[in-house]
Structure formats: structure tokens, C-alpha cells
Amino acid sequence: MIPYFSREDVGLILYYLGKIIKGIGIIMLIPLFIGVINHEWSPSINFLFTSLLSISIGCLLIIIFQEDRDLNWRQGMSVVALCWIIVMFLGAIPLYLSGHYINYLDASFESMSAIATTGLTVVNDLDHMSYAYNFWRHLMCFIGGQGIILVALTLFVRGGSVFKVYVGEAREEKIMPNIIQTARFIWLVSLTYLVIGTTILFGINLWRNMSPGRALFHAICLFMAGWDTAGFAVQSQNVLYYHSPAIELFTAMFFLLGAVNFGVHYTVWTGKPRELLRNYELKIYIVSILITFFLVCTGFIIHFQFPDFISFFREGFYQLISAHTGVGYSNMTFHNFAYWPPLAILGLIIAMGLGGSSTSTSGGIKILRIGILLKGIKKELKVLTSPGATVVVERFHHIRDIEIEDTHIKMAAIIIILYITLYITGGLIGVFYGYPFLPSLFESVSASANVGLSMGITSPFMPAGLKITYIIQMWIGRLEFISVFVLFRFLLSLKSPE
Amino acid sequence: MKKTGIFLGVLTVLFSSTAIASKDVKQLGSTIPLRVLFETPSLYDGKEVIVKGEVVGDIMRDGKSFWINIEDEGFFIGIVINAFQKEKIKYTGRYKIKGDVVKISGVYHLHCPLHSGERDIHAEQFEIIESGYKIPEVIESKRVIGSILLVIITIFLLIYSNRKSIHKYTDGQQK
């Protein structure tokens with residue numbers, strides 16, 4: 001048997017992992033700086049320790065496995081899958097040292113939830129957490145949402161390896177001809193919105209009597225976790241903490257923008273606003289939001305408990321778009337689900353499972369795949385009902401006109417089936433641990449689609465086995481299977497005899 | 001006649017301000033844990049409740065009133081308070097600060113009609129039952145020593161890895 005991977009591959013993979021680990025160590029200097037300016041000496045020391053540890057490990061790997069070869073596709077995929085696990089463990093160190101987590105597993109859960117932009121949390125006493133730790137939680141969301149590889153490799157690595165790992169992070173589209181240009185454009189869009197979003201939220205917070213420092217801190221964190229559809233918040237009550245329809249309105253605007261394909265952003269930014277009307281993925285997205293909101297509304301028709309429609313809309317629609325974009329921000333506590341009818345909860349589960357646009361910061365199946373599958377079904381029906389010699393062609397507009405091919409349909413169907421399998425498996429594991437099916441499925445879909453809404457199962461007190469299950473689901477869900485499968489094959493091939 | 005009018009006016013102002021103040025000073029009865037309000041909301045919806053909890057985070061303005069959030073055994077709720085009650089709060093919970101523990105009586109709403117359906121309590125009586133305080137920061141000397149050692153190791157490794165890269169580059173150039 002010819003091994004899928006050779007021993008030489010291991011050295012090359014470890015060399016690139018070393019570069020990424022070193023990069024993460026350098027990024028950890030940002031929360032260290034936040035700690036120092038806020039006179040938070042204990043967190044600052046913990047960040048200094050973790051940052052230096054990461055840089056040292058990174059340097060050691062670079063020295064031992066010095067390489068000048070580029071990564072091939074399989075090696076790149078393995079680097080991605082492994083790097084997310086390693087960043088989870090490294091990112092968890094300062095969180096664990098903070099004392100806000102029962103054990104290292106909980107800190108790792110939080111770390112993976114952040115980098116996978118999920119937003120499920122097992123933190124204790126978040127309201128007394130230091131600025132440095134809290135900023136790190138949100139910064140990890142931003143790094144994970146942009147793509148760890150995109151962040152680390154565009155800053156620290158040059159060369160042909162970048163595209164292989166970029167693809168591994170579930171970013172299959174090159175928006176611009178060159179991958180470095182694409183990465184820079186994604187940064188440009190994100191940083192522009194970061195400035196706009198932070199300014200607006202900062203203004204609202206100031207107007208509401210917050211001190212300037214806290215107003216700015218809350219604004220930056222809210223934007224980072226919203227834009228990258230992560231859903232972490234500075235305080236335990238999430239967005240509910242602010243009791244502000246204005247905050248809810250603007251966060252919703254930013255996470256809706258974050259869930260739009262970066263390719264569409266690029267097309268609109270380069271002076272083609274008509275793309276917004278023509279884009280097939282956007283059309284399907286709007287239809288999907290309307291259908292799932294219809295389910296939520298229908299569920300509430302019989303059990304309408306709100307004083308007026310605005311109250312219902314504020315709670316129901318915010319939860320729905322938070323679920324559909326994968327952000328996981330919530331303007332209610334999970335206890336409110338006690339009066340949510342099952343049909344409305346089902347609407348949220350479907351919305352979470354479908355997710356946002358491809359090449360965006362949201363997770364889940366992704367709307368474009370659903371669109372491709374629908375076009376595929378339409379094409380097959382046309383073939384079945386047409387005379388034998390007829391050639392059936394289906395097209396859709398997504399940045400450019402694309403003709404549907406069998407490979408598109410096959411890939412979309414495979415990924416959809418894999419996601420549904422992941423959702424159900426996690427749900428069944430929840431049932432195995434004694435939770436009812438609907439909340440178990442809700443939590444499983446929320447973890448796998450990197451959403452972060454919770455019906456109350458996720459807490460520091462849930463079984464360790466379930467925490468590990470959700471960590472794996474968040475990881476696989478964020479990377480969209482392929483790089484994880486390549487990694488497993490790599491690990492198996494190392495054990496198989498040559 | 002004019003003097004009597006002024007005297008009566010002053011008396012009225014004094015009496016009403018004392019009444020407002022005494023309403024907040026009056027001792028409140030036993031409290032309901034926030035957990036109970038969340039687990040059986042229908043029992044208390046629209047009724048007057050007495051709760052207690054630590055004030056956490058910020059005091060946020062909302063028109064003429066203010067929002068605070070209180071925490072009781074891991075459960076949180078938003079409380080609407082007035083400017084007079086706001087002035088009583090000295091500490092709000094955050095890093096290195098334990099917030100004031102307040103006892104509040106007011107009407108509990110599962111879906112407040114005045115606040116677009118939020119779950120809240122509109123405070124009527126308000127008292128501080130435990131004053132907040134600053135918490136000293138504990139710095140572990142082991143971590144400081146570990147960090148100093150790591151500084152030395154990291155500097156060495158950074159220099160070594162850079163030298164190795166430069167050597168490799170120049171070797172490549174010579175070949």
C-alpha cells in the first residue's frame with residue numbers, strides 16, 4: 001500500500017504549524033497591552049507567559065523542521081485542521097489561568113467556541129472578568145471569523161502555500177485573482193466595517209451614560225463578535241444586557257452584513273450595486289429568512305403571549321436572524337424558550353442549520369449549496385420530463401453567470417448530507433446524556449453550524465462527554481469537513497505499514 | 001395670607017419629599033430568588049415582588065429612567081430605576097470590584113409593555129443591603145518567575161531561528 005502521507009510530510013506540516021503558533025503568540029500581545037493599560041497585572045502576566053510560550057514553541061518547530069518547500073493540497077489541509085486544534089489549546093491557557101473556568105476542558109471549549117465563531121459559552125462569572133481576558137475571547141472570534149490561516153499566514157508566510165490552507169478554512173472562492181489580494185480585500189472590508197460599526201455602537205453607549213472607556217470596549221467587542229457571527233458578549237446576559245432596541249438594530253445590521261458573501265461585498269464595492277438584485281445566493285437567503293420566520297410566526301399564533309406585535313417581532317425576529325446568520329446574539333435568556341412553541345423552535349433549528357452565505361463569516365450548510373441543490377432538482381425534473389435528445393441547461397448568477405454541472409450538485413449534496421448527519425449525531429448524543437430530543441437537537445445544530453444560541457444545555461455543569469462532542473462539532477462544522485477528513489487520513493496513513 | 005401660602009407650600013414640598021424618601025428607606029420584606037422568577041414566571045407576572053442581587057456592569061440611561069442589571073446566584077434581570085435611586089449606587093460589579101447588593105421591590109413583567117416586551121422589574125422601593133468594595137489583585141510569583149525565564153528562552157530562540165534562516169538564505173545564494 002502506498003502511504004497517503006510520507007514521514008517527510010510530517011516535518012513540513014510541523015514547520016508551518018510552527019509559523020502559525022508563533023503568529024498566535026505575537027497576536028496574544030494585544031490582550032497583554034489591554035491588560036497593562038487597564039492596570040490588570042495578573043491577567044497581563046498570564047498573557048505574557050502564554051504569548052512567550054507560544055512564540056517559543058513556534059520557534060522550536062521552525063528551527064527543528066526548517067523547510068523551504070511549499071505545501072501541497074493535502075499537507076495544507078492537514079495544517080489547517082491541526083492548527084485549529086492547537087490554537088484552541090493555546091488560546092485556552094490564559095482563559096484557564098483567569099480562574100473563570102472550572103477546568104482546562106471548559107477553557108478549551110470556550111476557546112474553540114470563539115475561534116469557530118460559535119459563541120456557546122461555559123464561562124463562570126463573566127461580569128467580573130478582566131478587560132484583557134474578555135478582549136481575548138472577542139479577539140479570538142475575530143481571528144477565527146477572518147480565518148486563523150488568513151490572519152497568521154498573510155502576516156507571517158509568503159508563497160504558494162497560502163491558497164492551499166485558505167481553501168481548507170472553508171473559503172473556496174478566490175474573490176480576486178491573487179490569494180494575497182483576496183486576503184487583503186477581506187481585511188479591508190472587515191476593518192472598514194470595524195471602524196464604522198465601533199463608532200456607531202460607541203456613540204450609542206456614550207449617549208446611554210456609559211463611561212468613554214467602557215463604551216469603546218463594549219462597542220469594539222460587540223462589533224467583533226457580531227461581524228464575525230460569533231455571538232460572544234462582554235456580559236453574561238449577552239445583548240439583553242443593554243436593554244436597547246438601538247443596539248439590537250445596529251448589531252443585527254452588522255451581522256447581516258457579515259453573513260453576506262465577501263465576493264458580493266467586493267462586487268458592490270467596485271461599483272456594481274446591481275449584484276445585490278441579481279445574486280442568486282442573496283435571493284435564496286431572503287426567501288429562506290422569510291420561510292423560517294413564517295414558521296416562527298405560525299408557532300406563536302396559538303400561543304401568543306406578547307403584549308403587542310413589536311414585542312413579538314423584537315424577540316422572534318432577532319432570534320431568527322441571529323440563528324440564520326449564525327451569530328448567536330440573543331436579546332432574551334434561554335429561559336424564554338420555555339414559552340416558545342415547538343414549531344417556532346423548529347424554525348430556529350432550520351435557520352441555524354441552513355446558515356449564511358458561502359465565503360462569509362457564518363457557518364452551517366450555507367445557502368448557496370441549498371440553491372445549487374434546488375437548481376439540480378429542477379434540472380433533473382426537466383430532464384425526466386423532456387424528450388430524450390433534449391439538452392437541459394440550468395444557470396444561476398453568483399458574481400458571474402454559472403452553469404450548473406453535476407459536480408456542483410454532487411459536492412453540494414455531499415456537504416448537506418454530512419451536515420445533517422453531524423446535526424443528528426450530536427442531537428442523539430445529547431439524548432444519550434438524558435436531555436430531551438428537541439433541546440438536544442437545538443444545541444447540536446447550534447454547535448455544528450457555529451451559531452451559539454442555547455436552550456440551556458450548554459453550561460459549565462453539562463457532562464464532559466457532551467462538551468467534547470460539541471468541541472468536535474464546532475471544529476468540523478467550521479472547517480466544513482474536508483480538511484478534517486484529510487487530517488484523519490493523514491493520521492491513519494502514518495500508522496499503516498508501507 | 002401670602003406668608004401662610006408660602007409656609008403651606010414649603011410644608012407640602014417637605015412632606016412629599018420625606019414621603020418619597022421614606023418609601024425607599026422603608027424596610028423591605030423577604031425576597032424571592034431570581035431563579036424562581038425565571039422558572040415559574042407566570043406565578044409572578046404583573047405582580048409586586050421583592051428581589052435582591054449584586055449590581056453588575058453599567059448604569060445605562062433610558063430617557064428619564066435608568067437600567068441596571070442585578071445578579072442573584074447566576075440569574076440576571078434588568079431593573080428600571082429612577083435618578084434618585086441611581087444616586088444610591090456606589091459600586092457596580094466588574095473586575096476587581098464587588099458591586100453593591102441591592103434589595104428592590106417592584107412589579108415584575110415577563111413582557112413589559114413599556115419596554116417592548118422585555119422581562120424586567122420596575123423598582124418602586126430600593127435599598128442597598130451590602131455595600132460594594134474593591135477586591136485586591138493577587139499576583140502569583142511562580143507565574144512571574146516563569147514569565148521571566150520564558151523571556152530569556154524566547155529571545156534566544158528568536159535569535160537562533162533568525163540566524164539559521166539568514167545562513168540558509170546566504171548558503172542558497174552562494175550555491
Side-chain angles (χ1 to χ4, degrees), chain A residues 22 25 38-43 45-46 48-49 51-53 55-56 58-60 62-63 66 68 97 124-125 127-134 205 207-211 214-215 218 234-237 240-245 305-308 310-312 314-315 331-333 335-336 338-339, chain B residues 37-39 41-42 54 56-62 66-67 69 71 74-78 80 86 92-99 109-120 135 137-140 143-144 146-147 149-151 153-158 160-162 164-165 168-169 172:
Chain A
K22 188 177 158 189
N38 286 294
H39 306 286
E40 296 171 343
W41 305 118
S42 179
I45 288 163
N46 290 339
L48 179 68
F49 179 83
S51 168
L52 294 172
L53 184 71
I55 295 170
S56 299
C59 283
L60 267 178
I62 292 166
I63 292 165
Q66 189 87 47
D68 49 12
L97 295 175
N124 285 297
D125 197 18
D127 300 82
H128 291 91
M129 187 179 256
S130 75
Y131 289 112
Y133 294 129
N134 224 336
N205 288 340
W207 180 72
R208 300 195 69 216
N209 225 26
M210 273 185 167
S211 67
R214 280 184 69 83
H218 277 253
V234 179
Q235 309 280 153
S236 300
Q237 292 159 284
L240 174 65
Y241 169 81
Y242 302 96
H243 308 286
S244 166
Q305 296 192 3
F306 299 90
D308 49 52
I310 290 174
S311 306
F312 161 70
R314 186 180 174 194
E315 185 169 314
N331 59 358
M332 64 179 211
T333 71
H335 300 91
N336 290 30
Y339 59 75
Chain B
L37 292 187
F38 277 86
E39 287 174 357
S42 53
E54 180 194 349
V56 290
D58 304 86
I59 302 171
M60 290 164 285
R61 190 172 60 191
D62 186 2
F66 294 85
W67 280 99
N69 293 289
E71 188 257 329
F75 287 82
F76 296 82
I77 197 162
V80 184
K86 176 196 165 242
T92 61
R94 56 187 71 173
Y95 183 63
K96 292 195 282 185
I97 294 176
K98 166 82 177 167
H109 301 104
L110 178 57
H111 297 292
C112 177
L114 293 177
H115 294 103
S116 314
E118 278 203 43
R119 190 195 292 252
D120 66 18
I135 305 163
E137 202 173 20
V138 180
I139 296 168
E140 288 190 34
R143 286 182 199 167
V144 179
S147 300
L149 284 174
L150 270 174
V151 169
I153 295 167
T154 310
I155 290 170
F156 170 76
L157 287 171
L158 277 172
Y160 187 78
S161 66
N162 279 349
K164 206 170 172 186
S165 303
K168 200 168 180 186
Y169 177 75

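Order of the sequence lines sets the chain letters (A, B, ...), proteins ahead of strands, with each chain counted from 1. The analysis underlying the following values was restricted to heavy atoms, covering all of them including side chains, and did not include hydrogens, waters or symmetry mates.
Counting heavy-atom pairs under 4.5 Å between each of B/Gly146, B/Gly117, B/Ser116, B/Gly99 and chain A puts B/Ser116 at the top. Ranked by heavy-atom pairs shorter than 4.5 Å toward chain B, the options A/Phe49, A/Trp41, A/Tyr241 are led by A/Tyr241. Here A/His243 is the residue among A/Glu40, A/His243, A/His335, A/Arg314 with the most heavy-atom pairs under 4.5 Å with chain B. Among the candidates A/Asn124, A/Asn134, A/Val234, A/Leu53, the residue making the largest number of heavy-atom pairs closer than 4.5 Å to chain B is A/Leu53. Chosen from B/Ile139, B/Val56, B/Thr154, B/Asn69, the residue pairing most often with chain A at heavy-atom distances under 4.5 Å is B/Asn69. Between chain B and the residues A/Met332, A/Glu315, A/Gln237, the largest count of heavy-atom pairs under 4.5 Å involves A/Gln237. Listed options A/Asn336, A/Asn38, A/Leu240, A/Leu60 were ranked by heavy-atom pairs under 4.5 angstrom with chain B; first place goes to A/Asn336.
For a residue to count as touching a neighbouring chain, one of its non-hydrogen atoms must lie under 4.5 Å from one of that chain's; by this rule B/Val80 does not touch chain A. For chain A, no part of B/Glu140 is nearby; none of its heavy atoms comes within less than 4.5 Å. With a 4.5 Å cut-off on non-hydrogen atoms, B/Leu110 touches chain A through its side chain but not through its backbone. Proximity to chain B is limited to the side chain of A/Thr333, based on heavy atoms less than 4.5 angstrom apart. Looking at B/Arg94, both its backbone and its side chain come within 4.5 Å of chain A, counting heavy atoms on both sides. Only the side chain of B/Phe66 comes within contact range of chain A, judged by heavy atoms closer than 4.5 Å. Neither the backbone nor the side chain of A/Asn205 has a heavy atom closer than 4.5 Å to any heavy atom of chain B. Neither the backbone nor the side chain of B/Ile135 comes within less than 4.5 Å of any heavy atom of chain A. Looking at B/Ile59, the atoms closer than 4.5 Å to chain A (heavy atoms on both sides) all sit in the backbone: N, CA, C or O. With a 4.5 Å cut-off on non-hydrogen atoms, A/Tyr242 touches chain B through its backbone and its side chain both.
Classified by interplanar angle (parallel below 30°, tilted 30° to 60°, perpendicular above 60°), the ring pair B/Phe75/B/Phe38 is tilted.
A donor-acceptor pair is defined here as one N or O able to donate and one able to accept, closer than 3.5 Å; such a pair exists between the side chain of A/Arg208 and the backbone of B/Arg61. Within the 3.5 Å criterion, the main-chain N or O of A/Ser42 finds a donor-acceptor partner in the side chain of B/Glu137. No donor-acceptor pair under 3.5 Å is formed between the side chain of A/Tyr131 and the backbone N or O of A/Arg214.
B/Ser147 and A/Leu52 get closest at one heavy-atom pair: O-CD1, 3.6 Å. Minimum heavy-atom separation, A/Ile55 to A/Lys22: CG1-O, 4.0 Å.
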Query raised in the report: Should A/Ile63 and B/Leu157 be marked as a side-chain contact (heavy atoms from CB on, under 4.5 Å) after you check the CA-CA gap, both sets of side-chain angles, and the distance that decides it?
Result: CA-CA 8 Å; A/Ile63 292 165; B/Leu157 287 171; 3.9 Å; yes
Requested in this report: Apply side-chain contact (heavy atoms from CB on, under 4.5 Å) to B/Asp62 and B/His115, showing your working.
Outcome: CA-CA 10 Å; B/Asp62 186 2; B/His115 294 103; 3.7 Å; yes
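Checking B/Glu71 against A/His128 by side-chain atom types alone, no donor-acceptor pair falls below 3.5 Å.
Side-chain contact check for A/Pro43 versus B/Tyr95: some heavy-atom pair is nearer than 4.5 Å. Looking at heavy atoms from C-beta onward, B/His109 lies out of side-chain contact with A/Pro307 at the 4.5 angstrom threshold.
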